[in-house]
Each structure stands twice: as C-alpha cells, then as structure tokens.
Amino acid sequence: MKRFLETGNFAITEGAILAGCRFFCGYPITPATELAEAMSLRLPQVGGVYLQAEDECAAMHLCIGASLGGMKSMTATSGPGFILYADPYGWALGCETPMVVLNSGRVGPVSGITGAPGQGEFYLTRYPTQGGNFETVVLAPNSAQESMKVVVDAFYLSERLRMPITVLADQLITDGMEDISVPETEEEMKEMGFRVWPRSYHRGPDFYPATDALDIPPVQMGHNTGALCSDWTPTEEGYDIEEVEAHHKHAYRLIYKVRNNRHLFSDMHEKRHMGDDPDLVVVSFGTPSRVVNTAVDRARAEGLKVGALRLINLWPFPDELFRRRTTYLVVELNWDGQLVREVQRAAAEGSKVHFLGVCGDLPTIPDLMETFTKLLKNQPLSRKGWELEAW
Amino acid sequence: MKDRTEIVASGFGGQGVVRLGQTLGEAAVKQGLRVTMLKSHGTEMRGGYVRSQVVLSQKPIDSPMCENPDVFLALSAAAYKRFKDTVPPEGLILYDPAFVAEVDTGLKCRQKPLPAKDLAVKHFKRPLFANAIALGALSRLLEGRLDKDKVLESFLEVIPKYKEENRAAFELGYRQVE
C-alpha cells in the first residue's frame with residue numbers, strides 16, 4: 001500500500017487503471033483537468049491510450065469506439081461538458097456499451113463558477129440523454145479515497161450490466177487533496193473491497209437477449225457478431241428496425257437489467273447514528289455529507305436525536321431507505337432543491353421533508369446545528385432571506 | 001493537544017497559496033497524519049482569489065472545512081476581510097502588511113504581521129520567496145503538530161527549484177515568529 005497526498009483526480013485515475021481502464025478520451029475542464037493530465041501520464045505507462053478530443057461529444061463517442069474495440073474506456077468532465085455527452089450517452093445506453101463517465105460538479109448553470117463545488121446535475125445524471133426508455137446507474141463518492149473505490153465499482157457494474165455508468169463527484173473531491181492509500185497487490189485490492197470484472201467477448205450471433213440477464217458480454221467489432229452500433233432500435237440479432245414490438249423488447253432490456261439487478265449496488269450508502277430511529281434524518285451525498293457527519297456527531301453529543309443517511313448509489317433511487325415515517329432534512333449544494341424532490345416522493349406517508357441548500361461552498365456546522373434544532377422544535381426555517389417553507 | 005488542526009491560507013493566484021497548503025499536507029502525510037486540503041479559486045491562473053484549507057488529524061477527517069482555523073495566513077486585504085472573523089480567540093492571524101493595510105483591532109485572536117514580501121525583496125531580490133518565508137513562519141507556529149524538518153523536506157520536494165534560496169527564506173520566516 002502506498003500513501004500519497006493527492007487529488008481526487010489522481011485517486012480516480014489510479015482506480016480506473018486498477019479496474020482495467022486502458023482508454024481515456026476527454027476534453028479538459030476544471031475541475032477535471034488534472035484527471036485528463038494524470039491519465040495522459042499514466043495510461044501510456046500501462047499500455048493504454050490517452051486521447052484528447054475536439055469536444056466532449058466527440059470524446060464520449062470515441063470512448064464508445066474504444067469499448068466496441070474491446071477496451072475498458074472512460075471519459076471525465078464537469079457540468080458544462082456533461083451536457084454535451086447527451087448524444088453519445090444515448091448511443092452507449094442503446095448499444096449497451098460499457099464505459100465509465102465521471103462528472104465533477106461545479107457551480108451552474110452553464111459555466112457558473114469553475115473552482116467551487118455544486119450539485120446541480122442530480123436529475124441530469126438520471127436523464128443524461130433524450131428519449132426515455134432506459135434506467136441509469138449513478139454513484140456519488142464523498143472523498144478522494146472513496147472516489148477510487150467507486151470508480152472501480154463503476155467499471156465493475158458497467159461490465160456486468162453492459163452499460164455506461166456515471167460517477168457524480170464534485171469540485172472538492174476531484175480538486176481537493178487528501179491522504180490516499182493506493183493498493184499495490186490483488187490482496188490489498190480485495191482488502192479494500194475493490195470489485196473487478198474482466199472484459200470478455202460476445203461471440204454472437206445475437207446482439208442482445210430481451211431479458212434482464214446479467215453478464216452478457218458486450219459486442220466487440222470484428223468478432224463474428226455482425227452487431228452493431230446504431231442509433232436505431234435494434235432487433236435481438238442486431239439489425240436496425242423501426243418497429244414497436246422490437247422497441248418494446250429493447251426498452252424492457254434497458255430498464256429491467258438495472259431494476260432487477262439492484263442487489264449489485266443497493267448497499268452503497270452510509271448510515272450514522274441511525275440505529276435508534278432518530279427524530280430527524282439528514283440526507284445528503286458527496287462532499288456536503290462530510291460536514292453533515294461532523295454536525296450530526298455534535299448534535300448527538302448535545303443530546304439531539306439526529307441521524308445521517310448518505311447516499312452513494314443515487315440512481316436508481318433507493319426508495320427503500322425512506323420507508324420509516326420521520327422528519328427528513330435534505331442538504332444539497334444547490335439552491336433549487338433536487339435530491340429533496342426524490343426524498344419527498346420516496347418518504348413514508350406522513351413524513352416531513354425539509355431542504356437546506358447552499359452552493360459554491362459547503363454548509364457550515366453552525367447553520368446545520370441551528371437547522372436541526374429548529375426542526376426538532378417545529379420552528380420555521382429560513383435561509384439568507386429565502387423562505388423555505390415550501391419544502 | 002486537540003486532535004484537529006485547521007490552517008487557512010488565502011490571497012491572490014500566483015502567491016503560492018496552494019503550494020503552501022500542499023507542503024503542509026505532504027509533511028503531515030510523512031508523519032502518518034490524516035490530511036484534507038481544499039483549494040478554491042477563480043478562473044484566472046494569476047491574480048484571482050485563492051484559498052487553501054488544510055485539516056490535520058490523527059483520526060479520519062469528516063468535514064474538510066476550516067470553520068475555526070487555528071492559524072489563518074492572510075496574503076490579501078480581501079482574504080483578511082473575508083475570513084478574519086472565523087478565527088477563534090485562541091487562534092492566530094498571520095498577515096502580510098504589504099497587502100493587508102487595515103487591521104481589525106477589535107478581534108479577540110492574536111494577530112501578527114509578517115512582512116514576507118518586503119523580506120523576500122530585501123534578502124532575495126524577488127517577491128517570489130515570500131511564500132517560503134510565510135511557510136517558515138507557519139512551520140514555527142505549528143511546531144508540536146508538524147516537524148520543522150518534515151515541512152522543509154516536503155517544501156523542497158514540492159518546489160524543486162531554487163532550493164538554496166527557498167531553504168534560506170524558510171529559515172528566515174521561521175525566525176520571524178516566537
């Protein structure tokens with residue numbers, strides 16, 4: 001095991017390489033530029049290929065090409081680049097092409113603020129492309145060290161589910177530095193819970209089974225499959241067809257291979273002080289969860305019955321974690337409230353759901369403590385002059 | 001000693017604020033401590049706003065935010081104004097009077113001027129070395145938590161150029177603080 005003081009960008013690069021990634025194509029953008037830089041240094045050292053594309057749309061299409069050629073591939077960006085993945089993301093979902101996409105959230109909309117964290121793409125990562133008829137899998141780490149493991153998990157899931165997987169980080173994770181342990185042997189990887197799945201060949205002649213089956217290897221060009229990378233609805237054999245029955249089969253596959261295999265990632269969350277049915281459950285993901293954890297520890301020390309629920313698996317949304325009727329406070333790095341809408345939908349009937357938003361910086365512990373206290377006393381919340389009672 | 005140490009450095013881009021935080025973090029890793037370092041900045045490479053927040057602890061670190069810094073290094077008037085009130089009474093503000101002309105005398109914490117830019121120009125002919133002087137002073141203030149030798153060793157690794165001048169500037173900064 002080696003220890004470094006390094007950025008999340010470095011940790012993600014090492015994680016990807018440990019997972020078998022050998023092709024990276026991207027277009028540099030803060031706060032993921034150092035990831036491209038690290039990949040350009042590290043991939044040639046392990047026999048891989050680094051390519052800088054003319055833009056993000058081309059970058060992800062090139063990753064699809066590399067994956068069809070048999071390489072585990074990855075691209076990385078921030079919000080303004082992620083939106084340009086809309087076209088290739090659809091291709092990768094429809095053609096069931098495994099790859100990993102990293103989005104490091106900064107402050108939006110559009111270019112916003114580069115060097116500050118935001119969480120404005122909670123829903124965008126669920127619906128990264130048009131057309132519907134698909135599920136997506138999104139994972140959100142909250143530290144540089146965890147981002148390494150989550151990227152390994154993302155590659156694992158992308159192979160087994162045969163689809164692109166999004167890792168949603170934020171500027172503090174990718175640009176921030178932490179002491180990071182990098183495993184050097186397979187034993188150490190196992191100890192750290194790293195799951196690796198090898199790329200295998202799909203020898204055809206069919207393109208896909210119209211079932212929710214796991215572990216169907218991806219098609220690989222030049223390997224006797226006759227299939228296919230196309231934006232049209234495919235037949236099971238891999239031919240283009242514009243026909244409703246074929247489309248239904250394809251949609252079933254894209255939706256239910258994820259929904260029916262959630263056991264692969266449904267344990268990806270963290271609970272703190274949740275064992276005694278707390279009166280207030282604070283829900284968050286990514287870096288804000290670290291401040292929430294500190295605040296919840298402090299609240300407990302002061303005798304407040306508060307617990308913290310931190311989501312790593314964001315999509316498909318883990319409804320089952322919200323079955324208890326209680327008061328929920330959702331903390332996010334945006335002012336509009338995104339995760340809170342999903343918690344509102346999933347929370348048991350009779351629950352109260354509140355929202356605390358901040359953007360460009362993390363929430364502070366005094367702000368959180370004050371909010372906990374007010375909610376536990378049933379007092380109204382306000383923040384920076386905005387009434388938050390609507391939530 | 002309390003387990004968690006928070007250090008904030010803030011100023012303009014180009015002053016070495018990020019390198020400084022990184023150096024302290026590297027030294028802490030060498031000593032087996034857990035470390036987080038956040039950097040926030042504008043788009044500009046030079047001249048924009050920059051802040052490093054370093055947390056050191058023996059235990060895993062939850063919040064990486066420095067809400068009550070033990071030491072705050074202010075290298076611009078804007079940074080001083082923005083973060084001075086976060087320093088608790090037992091904390092310390094180290095500021096460079098070349099950039100921070102107006103000091104808030106109502107604060108409860110200790111405040112110490114460190115004329116790093118002027119010393120750098122006087123002794124080394126270049127303001128560039130103000131960063132090393134500031135780091136030397138920080139290293140003195142953090143003694144007991146970080147070893148001076150480890151900080152200097154890390155600094156020379158992080159900035160592999162001008163080693164002699166950087167070493168001398170570091171020592172000069174170290175002597176500026178009791």
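So that the names make sense, note that chain A is the first sequence line, chain B the second, and so on, each numbered from 1.
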Residues, nucleotides or ligands: over 12 heavy atoms within 6.0 Å of A/Arg298 CZ |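 At most 12 heavy atoms, drawn from other residues, nucleotides or ligands, come within 6.0 Å of this atom.
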For atom CZ of B/Arg19, decide whether the heavy atoms of other residues, nucleotides or ligands shown that lie under 6.0 angstrom number more than 12.
-> no
Quick check, are the ring centers of B/Phe124 and B/Tyr162 under 6.0 angstrom apart?
->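 No - the distance between ring centres of B/Phe124 and B/Tyr162 does not fall below the 6.0 Å cut-off.
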Aromatic contact, B/Phe12 with B/Tyr49 (centres under 6.0 Å) | no
Okay, B/Arg51 and chain A: the region with an atom under 4.5 Å from a heavy atom over there is side chain
Proximal component of B/Glu26, with respect to chain A [non-hydrogen, under 4.5 Å] =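 Both parts, backbone and side chain.
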Do you know which of A/Thr30, A/Asp175, A/Asn142, A/Thr287 has the most heavy-atom pairs with chain B at a distance under 4.5 angstrom?
->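 When all of A/Thr30, A/Asp175, A/Asn142, A/Thr287 are compared, A/Asp175 has the most.
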Whatever's closer than 4.5 Å to a heavy atom in chain B on A/Pro366 counts as both
Could you look at A/Gln171 and say if it's the side chain, the backbone, both or neither that has a heavy atom under 4.5 Å from chain B?
-> side chain
Okay, side chain of A/Arg106, backbone of A/Ser111: is any donor-acceptor separation there less than 3.5 Å?
->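 Confirmed, A/Arg106 side chain pairs with A/Ser111 backbone.
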